[in-house]
Amino acid sequence: MRLRLSRLHHPVTTLGPGRRVGIWVQGCAIGCPGCVSRDTWVAEPRHDVDVDDVLDRVAALDPAALTGVTVTGGEPSEQPEALAALLTGLRALGAGHDWDVLCYTGVELDEFRARCPGAYPLIDALITGPYRAGEPTDLVWRGSANQRLVPCSPLGRRRYAPWVDARRDRPELQLQVDDDRVWLVGIPGRGDLARVQRALEAQGIRLEGVSWRP
């Protein structure tokens, strides 16, 4: 089974509770205006990888040091079979370690369930709905006020129920450096992207291209 993959980061601490593996899929036909991850919209053959290769990368990590996995993108529901295969493998890797699976989607809950009947039962919590730049929010792990955090399993309800209406004082952001690229991980608030860019330039790091602008 092949998955259109953008990238994998670890540890991720800004997209869900605890220390996590972050998996970004490639390809999104929704194209929300103002999306911070425009680089994940267009899928090409060069993005195709074997699901087993992704699982091998996760398996090389210390499972006891992980709280769970966050799948985002891109739009995961555009790859339903590959998503189900990925989550099945992640469940096997996390067996006995109480991992949870959090998934972001730009569609609403009912549409996600219809698109992904094989993957949905393997997900502990979903963050649903398109990003709407005109509806800013300080809800934890969400970019706009319309988006919902939906616990989907007993583990999801236990772990995520306290966060459904939780708010943040300020966005938590991480920077990951990969060769000549700097990746921002997290949900930025208004003005945060420009502030990050200015802070990097003050350190002598000039960004030649950014994913949040055409």
Side-chain angles (χ1 to χ4, degrees), residues 6 9-25 28 30-41 66-78 83 87 99-113 115-116 119-120 122-176 183-197 199 210-213:
S6 173
H9 289 308
H10 168 268
V12 170
T13 59
T14 56
L15 295 174
R19 292 170 61 88
R20 313 180 67 80
V21 177
I23 299 174
W24 280 255
V25 300
C28 180
I30 299 172
C32 300
C35 174
V36 71
S37 299
R38 294 177 61 99
D39 58 303
T40 66
W41 286 7
L66 295 176
T67 307
V69 179
T70 297
V71 181
T72 183
E75 176 49 51
S77 71
E78 293 178 6
L83 180 62
L87 297 185
W99 288 5
D100 73 78
V101 174
L102 171 65
C103 184
Y104 280 79
T105 177
V107 302
E108 303 298 345
L109 176 61
D110 288 346
E111 183 174 351
F112 185 91
R113 294 174 66 177
R115 287 187 179 194
C116 301
Y120 176 75
L122 303 171
I123 291 171
D124 296 297
L126 274 169
I127 292 182
T128 65
Y131 170 67
R132 294 175 181 163
E135 299 182 29
T137 187
D138 56 1
L139 288 167
V140 171
W141 306 320
R142 279 153 281 182
S144 56
N146 62 293
Q147 294 175 323
R148 298 173 57 211
L149 171 56
V150 184
C152 303
S153 72
L155 173 59
R157 287 186 284 275
R158 185 171 75 248
R159 188 163 289 172
Y160 285 89
W163 299 100
V164 168
D165 297 313
R167 297 180 180 273
R168 58 193 180 182
D169 293 331
R170 61 178 63 87
E172 295 182 356
L173 301 173
Q174 295 174 262
L175 291 179
Q176 299 270 354
W183 301 101
L184 184 145
V185 181
I187 308 295
R190 283 195 169 182
D192 283 340
L193 298 175
R195 281 190 286 272
V196 167
Q197 190 166 359
V210 294
S211 64
W212 57 86
R213 287 199 293 268

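To the nearest 0.5 Å, atoms SG (Cys103) and CG (Leu87) are separated by 7.0 Å. Here Tyr160 contributes atom OH and Ile127 contributes atom CD1; the two are 8.0 Å apart, rounded to the nearest 0.5 Å. One distance of note links SG of Cys152 with CG of Leu126; it measures 4.0 Å at 0.5 Å rounding. Atom OG of Ser37 and atom OH of Tyr104 lie 10.5 Å apart (nearest 0.5 Å). For the atom pair SG of Cys35 and OH of Tyr131, the computed distance is 8.5 Å after rounding to the nearest 0.5 Å.
Using a distance-only test at 3.5 Å, with no hydrogens or angles considered, a donor-acceptor pair links the side chain of Arg142 to the main chain of Val140.
Across all their heavy atoms, Asn146 and Pro130 have their closest contact at ND2-O, 2.8 Å. In terms of heavy-atom proximity, Ser6 sits nearest to Thr40 at OG-CG2, 3.8 Å. Listed here is the closest heavy atom pair of Pro151 and Ala161: CG-N, 4.3 Å. Taking both residues in full, the closest heavy atoms of Ile23 and Val69 are given as CD1-CG1, 3.9 Å, listed atom of the first, atom of the second, then distance. Closest approach of Arg19 and Thr13 over heavy atoms only: CG-CG2, 4.3 Å. When all heavy atoms of Trp24 and His9 are compared, the closest pair comes out as CZ3-CD2, 3.6 Å.
A donor and an acceptor atom, one from each side chain of Gln147 and Thr128, are nowhere located under 3.5 Å apart.
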For this session: Give the intermediate values and the outcome of side-chain hydrogen bond (donor to acceptor under 3.5 Å, both in side chains) for residues Thr70 and Arg20.
Result: CA-CA 7 Å; Thr70 297; Arg20 313 180 67 80; 2.7 Å; yes
For this session: Determine, stepwise, if the pair Leu122 / Val101 fulfils side-chain contact (heavy atoms from CB on, under 4.5 Å).
Result: CA-CA 8 Å; Leu122 303 171; Val101 174; over 6 Å; no
Problem set entry | Leu102/Asp124 under side-chain contact (heavy atoms from CB on, under 4.5 Å): CA gap, chis, key distance, verdict | CA-CA 6 Å; Leu102 171 65; Asp124 296 297; over 6 Å; no
Problem set entry | Stepwise side-chain contact (heavy atoms from CB on, under 4.5 Å) test for Val25 and Leu83 | CA-CA 9 Å; Val25 300; Leu83 180 62; 5.7 Å; no
For this session: List the steps and the verdict of side-chain contact (heavy atoms from CB on, under 4.5 Å) for Val107 and Arg115.
Result: CA-CA 10 Å; Val107 302; Arg115 287 187 179 194; 3.8 Å; yes
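Within 6.0 Å of the CZ atom in Arg148, the count of heavy atoms belonging to other residues, nucleotides or ligands does not exceed 12.
The aromatic rings of Trp163 and Trp141 sit tilted, their planes meeting at an angle between 30° and 60°.
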